[in-house]
**Student:** 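Pasting a structure here, questions to come.
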Amino acid sequence: MELELRHLKTIRAIADAGSLTRAATDLGLAQPALSAQLKRIERALGGELFERGRHGVRATALGELVLERTRIVLPAVTELQQEAARFARTPRANARFRLGGTHGPLLGALVVRLADAAPDARVTTCTSWSERELADLLAEGRLDFALAGTCGSAPPPGAEGLVWREVAVDPVFAMVPEDHPLAHRAELDLAELADEEWACVPGDGCFGDCFTAACARAGFTPRRMYETDTASLVHLVQAGRAVGMCRATFPTTPGIVTRPLTGTPLTWRHLLGWHAVTQHEETAATVLAQARMAHAGVAAGSASYTEWLAARRDTSGGPNALPEAVS
């Protein structure tokens, strides 16, 4: 049996209800039918999702993993359904999407989502390490939309007539070789890395200054910072030459692990920008929703980020809440 969206909704309903009987009532099913469906779902996933007891059901470790994914997937699918309807009503005069972005998995994920949502549209990309260059390309009409980012609450790239909206806010993680003495830790204290050299990707924002300030708060001055492309950054980390700084959505890479920093001293705000005059409001709203869906998918694919989000929910008793920035 292939896992379907309705199966995830069933799992979520059972967890929320706390018992099969109550969940069956909520879903409008007979309790034996729900039990049989749950068994089929568990066979498809390879193990039990709930422990049955006299007072109801409790999620197993596998169940918690699946539930953690449903918290990302189900709201994202609901948003997709709403935005798909809006997209269908959008005038189709613009049969192309010229996308710009800094290097990272989010741009590729957005391309896939737009290609699926608008199969007849032409999608092209332009990448740059410079947020200001992307803003200029938008202002000049050479791009339709741009994915950029800012450190923490820093303002977005400035250019007249541009609109910027927040896609997501991620913590900045540290990237270390898998044989690093601290690689086994669930999170790393920045002060414990004081003797390391560092590496990050280039940019014309304030990340370097924010990183130096975070190190100062931790009681040290960073020894050296390599600004280099992603492939070279990964090589420096794999070779044990430097600790890399990366967004929490950085894809799994052989030979390295990514770990959150204690206290989340640095965050990265993903933004989508467009020109207010040249973009139709409905089209912009749809592309923004697709970008948020793309981010949710990329985040769900990062084991270290998913674990970090789950730990924050367990600690706070609610959804993850990174500092909210104005866009």
**Student:** Strictly by modelled atom types, are Thr150 and Glu131 linked by a side-chain donor-acceptor pair under 3.5 Å?
**Tutor:**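 Result is no, nothing qualifies.
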
**Student:** So does Ala17 get a backbone contact from the side chain of Arg22, meaning a donor-acceptor N/O pair under 3.5 Å?
**Tutor:** yes

**Student:** Return the minimal non-hydrogen interatomic distance between Ile41 and His7, and the atom names on each side.
**Tutor:**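 Shortest heavy-atom contact: CD1-CB, 3.8 Å.
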
**Student:** Determine whether Leu5 and Leu38 fall in the same hydrophobic cluster, where Ile, Leu, Val, Met, Phe, Trp and Tyr are linked whenever their side-chain heavy atoms lie under 4.5 Å apart.
**Tutor:** yes

**Student:** Determine whether Leu106 and Thr249 satisfy the following criterion, side-chain contact (heavy atoms from CB on, under 4.5 Å), listing intermediate values before the conclusion.
**Tutor:** CA-CA 8 Å; Leu106 183 55; Thr249 52; over 6 Å; no

**Student:** For His295 and Tyr305, take the angle between the two ring planes, folded into 0 to 90°, and tell me which bin it lands in: parallel under 30, tilted 30 to 60, perpendicular over 60.
**Tutor:** perpendicular

**Student:** Are Glu48 and Leu62 close enough that some pair of their side-chain heavy atoms sits under 4.5 Å apart?
**Tutor:** no

**Student:** In terms of hydrophobic clusters joined by side-chain contacts under 4.5 Å, are Val257 and Phe173 together?
**Tutor:**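 Result: no, two separate clusters.
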
**Student:** Should Ile11 and Arg69 count as side-chain neighbours, where that means a heavy-atom distance under 4.5 Å?
**Tutor:** no

**Student:** Would you compute the distance between atom OG1 of Thr306 and atom CD of Glu68 and round it to the nearest 0.5 angstrom?
**Tutor:**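 It comes to 6.5 Å.
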
**Student:** side-chain contact (heavy atoms from CB on, under 4.5 Å) for Thr258 and Cys246? Distances and angles first, verdict last.
**Tutor:** CA-CA 8 Å; Thr258 58; Cys246 66; 3.8 Å; yes

**Student:** Quick one: does any side-chain atom of Thr283 pair with a main-chain N or O of Gln279 as donor and acceptor, under 3.5 Å?
**Tutor:**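 Answer holds: no.
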
**Student:** Any non-hydrogen side-chain atom of Glu227 less than 4.5 Å from a side-chain atom of Val201?
**Tutor:** no

**Student:** Could you measure the distance from the CZ atom of Arg269 to the CH2 atom of Trp164? Nearest 0.5 Å is fine.
**Tutor:**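 Output value for this atom pair is 10.5 Å.
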
**Student:** Distance alone, cut at 3.5 Å: any donor-acceptor contact between the side chains of Glu133 and Ser128?
**Tutor:**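 Looking only at side-chain atoms, Ser128 and Glu133 do form a donor-acceptor pair, the distance falling under 3.5 Å.
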
**Student:** At their closest point, which heavy atom of Leu147 faces which heavy atom of Ala291, and how far apart are they?
**Tutor:** CD2-CB, 4.4 Å

**Student:** Do the side chains of Leu137 and Trp129 join up, straight or via other hydrophobic residues, at under 4.5 Å, putting them in one cluster?
**Tutor:** no

**Student:** Verify side-chain contact (heavy atoms from CB on, under 4.5 Å) between Phe250 and Asp170, making sure each step is shown before the conclusion.
**Tutor:** CA-CA 11 Å; Phe250 194 86; Asp170 289 335; over 6 Å; no

**Student:** Would a hydrophobic clustering, with Ile, Leu, Val, Met, Phe, Trp and Tyr connected at side-chain separations under 4.5 Å, put Met245 with Trp268?
**Tutor:**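 As far as the 4.5 Å side-chain criterion goes, Trp268 and Met245 are connected within one cluster.
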
**Student:** Is any side-chain heavy atom of Glu166 closer than 4.5 Å to one of His270?
**Tutor:**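 In short, these two side chains do not touch, never coming nearer than 4.5 Å.
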
**Student:** Do the side-chain N and O atoms of His184 and Glu178 include a donor-acceptor pair separated by under 3.5 angstrom?
**Tutor:** no

**Student:** How long is the span from the NE2 atom in His275 to the CG atom in Leu143, to the nearest 0.5 Å?
**Tutor:** 12.5 Å

**Student:** Side chains of Thr212 and Asp209: is there a donor and an acceptor less than 3.5 Å apart?
**Tutor:**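 The answer is no; no qualifying pair exists.
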
**Student:** Looking only at heavy atoms, which two atoms of Ala194 and Phe220 are closest? And how far apart?
**Tutor:**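 Nearest heavy atoms, Ala194 then Phe220: CB-CG, 3.5 Å.
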
**Student:** Show, in sequence, the C-alpha distance, side-chain angles and deciding distance for Asp144 and Thr278, and conclude whether the side-chain contact (heavy atoms from CB on, under 4.5 Å) test is met.
**Tutor:** CA-CA 8 Å; Asp144 298 313; Thr278 59; over 6 Å; no

**Student:** Whether the side chain of Trp274 engages the backbone of Leu272 through a donor-acceptor N/O pair (distance < 3.5 Å, no angle test) should be reported.
**Tutor:**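 Pair absent, no side-chain N/O of Trp274 close to backbone of Leu272.
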
**Student:** Flag yes if Leu271 and Leu134 sit in one hydrophobic cluster, no otherwise; membership is Ile, Leu, Val, Met, Phe, Trp, Tyr, and two members link when side-chain heavy atoms are under 4.5 Å apart.
**Tutor:**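 Result: yes, single cluster for both.
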
**Student:** Return the minimal non-hydrogen interatomic distance between Val237 and Val243, and the atom names on each side.
**Tutor:**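 In terms of heavy atoms, the two residues are closest at CG2-C, 4.3 Å.
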
**Student:** What's the separation between atom CD in Gln37 and atom CZ in Arg6, rounded to the nearest 0.5 Å?
**Tutor:**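 Gln37 atom CD to Arg6 atom CZ measures 6.0 Å (nearest 0.5 Å).
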
**Student:** With the threshold set at 4.0 Å, does a side-chain nitrogen-carboxylate oxygen contact exist between Arg185 and Glu192?
**Tutor:** yes

**Student:** Parallel, tilted or perpendicular: which one describes the rings of Phe211 and Phe207, with boundaries at 30° and 60°?
**Tutor:**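 Parallel: the ring planes of Phe211 and Phe207 meet at under 30°.
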
**Student:** Only pairs at least two apart or in different chains count here, so list each salt bridge (Lys or Arg N to Asp or Glu O under 4.0 Å) that has a residue in residues 240-266.
**Tutor:**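 Salt bridge (Lys or Arg N to Asp or Glu O under 4.0 Å) check on residues 240-266 returns Glu197-Arg241.
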
**Student:** So, Thr262 and Asp189: side-chain donor and acceptor under 3.5 Å apart, yes or no?
**Tutor:**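 Side chains of Thr262 and Asp189: no pair found under 3.5 Å.
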
**Student:** When you measure from the side chain of Ser232 to the backbone of Thr228, do you find a donor-acceptor pair of N or O atoms at a distance under 3.5 Å?
**Tutor:** no

**Student:** Salt-bridged, Asp16 to Arg12, with N to O below 4.0 Å?
**Tutor:**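 Salt bridge present between Asp16 and Arg12.
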
**Student:** Specify the closest pair of heavy atoms between Val298 and Pro105, including all atoms of both residues, with the distance to one decimal.
**Tutor:** CG1-CG, 3.9 Å

**Student:** Is any side-chain heavy atom of Phe97 closer than 4.5 Å to one of Val287?
**Tutor:** yes

**Student:** Report yes or no: does Arg98 contribute a side-chain atom to a donor-acceptor pair with the main-chain N or O of Gly141 at less than 3.5 Å?
**Tutor:** yes

**Student:** Output the distance between atom OG1 (Thr60) and atom CZ (Arg58), rounded to the nearest 0.5 Å.
**Tutor:**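 So the gap between those two atoms works out to 10.0 Å.
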
**Student:** May I ask you to test the Thr252-Ser302 pair for a side-chain heavy-atom distance under 4.5 Å?
**Tutor:** no

**Student:** Check the side chains of Gln290 and Thr286 for a donor-acceptor pair under 3.5 angstrom, ignoring hydrogens and angles.
**Tutor:**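 No pair is found: no donor N or O on one side chain lies under 3.5 Å from an acceptor on the other.
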
**Student:** So do the side chains of Leu188 and Val176 get within less than 4.5 Å of each other, counting heavy atoms only?
**Tutor:**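 SC-SC contact between Leu188 and Val176 confirmed.
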
**Student:** Using every non-hydrogen atom in the two residues, find where Ala276 and Val163 come nearest and quote the distance to one decimal.
**Tutor:**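 Answer, listing the atom of Ala276 first, then Val163: CB-CG2, 3.6 Å.
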
**Student:** Any ion pair linking Arg52 and Glu42 (charged N to carboxylate O, less than 4.0 Å)?
**Tutor:**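 Result for this pair is yes, salt bridge flagged.
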
**Student:** Does some side-chain heavy atom of Tyr226 sit less than 4.5 Å from a side-chain heavy atom of Leu236?
**Tutor:**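 The answer is yes; the side chains approach within 4.5 Å.
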
**Student:** Roughly how far apart are Glu64 CD and Phe50 CZ, rounded to 0.5 Å?
**Tutor:**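 Going from CD on Glu64 over to CZ on Phe50, the span is 8.5 Å.
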
